[in-house]
Amino acid sequence: MSRTIPLEQVRNIGIIAHIDAGKTTLTERILYYTGVTYKIGEVDDGTTVMDWMEEERKRGITITSAAITCSWNDHRINIIDTPGHVDFTAEVERSLRVLDGGVVIFDAVQGVEAQSETVWRQADRYNVPRICFVNKMERVGADFYNTVKMIIDRLHAKPLAIQIPIGAEADFQGIIDLIENRAWSVDGERDNEPIEIPIPEAEKPKATELRHKLIEQMAELDDQILIAFLDGTEISPEEIRAALRRITLANKAVPVLCGSALSNRGVRLLLDAVVNYLPSPADMPPVHAVTIKDNTPIIHEAKDNEPFTALAFKVVTDPFVGRLVYFRVYSGQVKASDQVFNSTRGKTERIGRLFLMHANRRDEIEVADTGAIISTLGLKNTFTGDTLCSQTQPVLLESIRFPEPVISVAIEPRTRADQDKMGDALRKLTEEDPTFKVNFNEETGQIVIAGMGELHLEVIVHRLLSEFGVTAKVGRPRVAYKETITTAARAEGRFIRQSGGHGQYGHVWLDIEPAVRGSGFEFINKVKGGTIPRQFIPPIEAGVREALEGGIIAGYPLVDIKVTAFDGSYHEVDSSELAFKMAGSMALKHGAAKANPILLEPIMRMEVVTPKEFLGDIIGDVTSRRGHIEAIETHGDICIIQALIPLAETFGYATTLRSQTQGRASHTLEFHSYQEIPASLTKEVAERTGLAKYV
């Protein structure tokens with residue numbers, strides 16, 4: 001089937017930034033100017049298209065990434081508006097995994113903020129080409145040049161300013177395009193086109209200097225510009241744009257633009273830049289996969305006539321149509337009602353109806369071709385990170401990795417009817433959000449839900465109450481500690497039961513040793529000579545994994561452990577998978593208890609932005625909370641404190657900070673690592689759980 005739009009004219013982009021930088025506000029303007037909406041929605045009024053969830057409109061923040069499709073200059077632009085709050089970083093992670101380009105927004109007043117660094121690193125990990133938009137140029141304290149400097153200092157990137165502002169704050173009047181050497185007046189009226197004006201006399205020396213600097217910077221990065229620069233020939237705007245596209249696609253530098261989304265300034269020029277500089281699926285490297293049979297690497301070109309390959313990156317429970325699975329097509333085509341193979345789970349699935357998404361609205365289509373980002377009904381066994389592919393040529397794409405939860409609360413349904421509804425609701429929520437985990441605590445009989453932060457869990461609980469109609473009692477937030485071992489140990493697991501008839505016999509020896517921090521669990525089979533039949537090795541590993549779920553010190557999960565099965569014995573009649581699973585579990589627990597177990601706590605990277613006058617009080621408070629100050633930056637009267645602090649010490653910190661600074665300071669937290677808890681606190685934490693058996 002022929003394409004409606006050539007692949008070269010497709011752009012899959014994400015809008016990414018720190019919270020409150022203006023992502024959703026910018027996206028609403030893009031939808032208006034591209035004709036998708038007839039009026040501009042406002043975050044403060046709760047009328048935006050992209051923030052359609054009740055919780056998003058009530059809180060004025062983006063919680064879940066929303067996809068939408070629009071057109072500009074004969075190009076199709078698929079946009080994903082992502083959250084800025086660190087608790088919802090998984091939404092950014094999975095969006096960047098399937099996108100080709102990104103628009104990174106910076107607040108012209110705050111510059112590069114904490115979450116800006118996080119999303120920048122995520123984009124680096126996936127090699128996503130970017131352009132930058134310095135937003136809020138009309139606000140008091142806006143400084144375009146300081147933001148560009150911060151991109152260099154804090155992100156270690158190479159910004160190429162292709163626009164500069166005419167004035168700032170209340171005097172922000174327009175934009176100078178350094179490529180065309182032209183100026184544009186933007187009056188802020190939403191329906192008025194930018195008007196070309198002469199470059200103001202006061203701005204001419206700076207514009208000339210910065211245009212020359214731009215060409216010099218590009219000459220260092222692009223051979224064609226270098227040759228023209230050395231020859232002294234005039235470089236045309238078309239040549240500059242072509243070179244800038246090559247530089248951006250190669251991730252050598254990032255073009256920087258400016259404007260104000262709220263006052264409708266610079267948005268059309270930003271759309272031109274998206275089309276001119278960000279990649280199409282055809283510009284991206286071919287997708288790398290491995291064959292199912294023997295893990296042989298294989299490459300699929302971004303072409304419609306290649307075998308179908310796609311990655312599911314999001315699952316949503318829609319109250320009207322049911323379970324929607326979002327996926328990105330990397331090669332080939334798929335039609336509604338086609339059968340596809342889920343190579344991650346080894347199951348065949350039938351594609352239901354196909355939709356182009358407009359936030360929570362849908363346009364049904366018949367065919368999804370290469371480069372499409374769409375959703376579908378009917379995939380019952382497909383989850384986030386799964387590969388969908390052709391049945392005749394099954395391959396496996398790299399999945400998506402998500403951080404582990406660091407905070408948990410106990411939740412208890414009030415009635416039997418609520419218990420049934422809660423089970424269904426929690427299942428749907430865990431399918432939607434890979435960083436949301438649900439466990440049943442056997443010691444307390446409670447359901448424990450875990451997430452990335454207090455706001456994350458608060459939103460989940462509100463959705464349970466309002467969206468799913470579950471009435472429940474919710475406990476106080478608790479830190480998700482983990483356990484590990486510090487020395488090696490050898491342990492025996494012997495499970496023998498005899499009750500007159502057919503008995504149970506399982507016997508295994510394990511070597512247990514600490515692994516590199518953050519590496520997880522590794523199981524190695526070194527059983528030789530048939531001392532344990534091959535079919536009983538997987539049950540041993542299953543028993544070990546089960547034992548890891550409840551640790552030695554306080555019942556928290558054991559992590560970063562290498563386990564080697566090297567010996568044991570079996571009985572020809574009584575040995576069974578269950579017996580060896582129990583033996584593996586027993587051996588792990590005995591061995592871990594002898595291997596000097598320790599407790600680990602989540603450490604958060606905290607950034608506090610405060611007026612200079614409160615600096616001493618804040619540093620003293622952070623230090624008293626077992627925090628470690630890493631750096632202090634000063635920008636005028638504002639100080640930025642970067643510190644590492646245990647998550648357990650941050651509960652209620654927002655209230656303390658407000659009272660210390662008369663509400664003038666703000667802070668952000670993001671997960672950094674797990675580190676050993678001080679020995680003096682280990683017993684206290686263990687006793688709180690009621691499991692202080694080995695302490």
Side-chain angles (χ1 to χ4, degrees), residues 52-59 61 63-65 83 85 87-91 94 312 314-326 345 360 377-386 402-482 546 549-550 554-557 647 651 688-691:
W52 54 271
M53 286 175 59
E54 180 188 341
E55 284 293 313
E56 293 179 313
R57 293 189 167 180
K58 188 163 62 178
R59 296 170 185 273
I61 62 170
I63 292 171
T64 180
S65 54
H85 197 284
D87 282 12
F88 309 106
T89 187
E91 292 288 334
R94 61 179 165 193
K314 187 177 173 71
V315 177
V316 173
T317 302
D318 189 288
F320 300 106
V321 298
R323 189 176 189 269
L324 282 169
V325 176
Y326 288 67
R345 314 214 173 248
N360 62 331
L377 294 169
L379 302 182
K380 296 178 181 178
N381 299 304
T382 298
F383 300 89
T384 298
D386 288 0
F402 297 102
E404 286 294 312
V406 296
I407 188 171
S408 64
V409 296
I411 187 166
E412 189 178 326
R414 291 190 180 273
T415 67
R416 178 60 65 95
D418 284 321
Q419 188 171 358
D420 295 336
K421 284 196 290 186
M422 181 182 284
D424 183 55
L426 291 175
R427 177 184 58 79
K428 290 176 179 176
L429 288 169
T430 52
E431 285 185 6
E432 288 186 17
D433 187 349
T435 58
F436 173 62
K437 306 290 184 186
V438 180
N439 292 298
F440 181 73
N441 189 318
E442 293 182 2
E443 283 76 21
T444 62
Q446 292 176 311
I447 295 171
V448 178
I449 59 174
M452 299 305 298
E454 289 183 87
L455 179 61
H456 187 197
L457 290 183
E458 190 181 318
V459 167
I460 291 285
V461 169
H462 276 245
R463 288 188 65 191
L464 278 174
L465 300 177
S466 61
E467 194 174 317
F468 295 97
V470 177
T471 308
K473 292 186 289 185
V474 183
R476 296 180 66 182
R478 299 189 306 173
V479 176
Y481 295 99
K482 294 188 186 298
E546 193 173 281
E549 292 300 314
Y556 292 106
L647 174 64
F651 294 147
R688 277 206 303 267
T689 68
L691 297 174

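What you are looking at is a predicted structure, and each value in this text was computed from that prediction instead of being measured.
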- Message: According to side-chain hydrogen bond (donor to acceptor under 3.5 Å, both in side chains), who are the partners of Lys428, at least two apart in sequence or on a separate chain?
- Response: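 Listed in chain order: Asp424.
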Answer whether the closest heavy-atom distance between the side chains of [X] and [Y] falls below 4.5 Å.
{"X": "Asn381", "Y": "Asp386", "result": "no"}
{"X": "Ile411", "Y": "Leu464", "result": "yes"}
{"X": "His456", "Y": "Pro405", "result": "no"}
{"X": "Leu377", "Y": "Leu324", "result": "yes"}
{"X": "Thr471", "Y": "Thr415", "result": "no"}

- Note on the structure: Looking only at heavy atoms, the pair that brings Ala472 and Leu465 closest together is N-CD2, 4.0 Å
- Message: Looking at every non-hydrogen atom in both residues, tell me the closest pair between Arg94 and Glu432 and how far apart they are.
- Response: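 Closest pair (atom of Arg94, atom of Glu432, distance): NH2-O, 2.9 Å.
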[X] side, atom [atom1]; [Y] side, atom [atom2] - distance, nearest 0.5 Å:
{"X": "Ile460", "Y": "Leu429", "atom1": "CD1", "atom2": "CG", "result": "5.0 Å"}
{"X": "Leu457", "Y": "Phe436", "atom1": "CG", "atom2": "CZ", "result": "7.5 Å"}
{"X": "Lys314", "Y": "Thr384", "atom1": "NZ", "atom2": "OG1", "result": "8.0 Å"}

- Say whether, by atom type as modelled, one donor and one acceptor occur between the side chain of Lys421 and the main chain of Gly469 under 3.5 angstrom. yes
- Checking Arg345 side chain against Thr382 main chain: does a donor-acceptor pair fall under 3.5 Å?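 No; zero donor-acceptor contacts below 3.5 Å.
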- Task: Apply side-chain contact (heavy atoms from CB on, under 4.5 Å) to Ile407 and Phe651, showing your working.
- Result: CA-CA 11 Å; Ile407 188 171; Phe651 294 147; 3.3 Å; yes
- Query: Going through the distances and angles, do Ile449 and Val461 end up as a side-chain contact (heavy atoms from CB on, under 4.5 Å)?
  - Reply: CA-CA 9 Å; Ile449 59 174; Val461 169; 4.2 Å; yes
- Query: Phe383 ring centre to Arg427 NZ or CZ under 6.0 Å, with the angle to the axis within 45°?
  - Reply: no
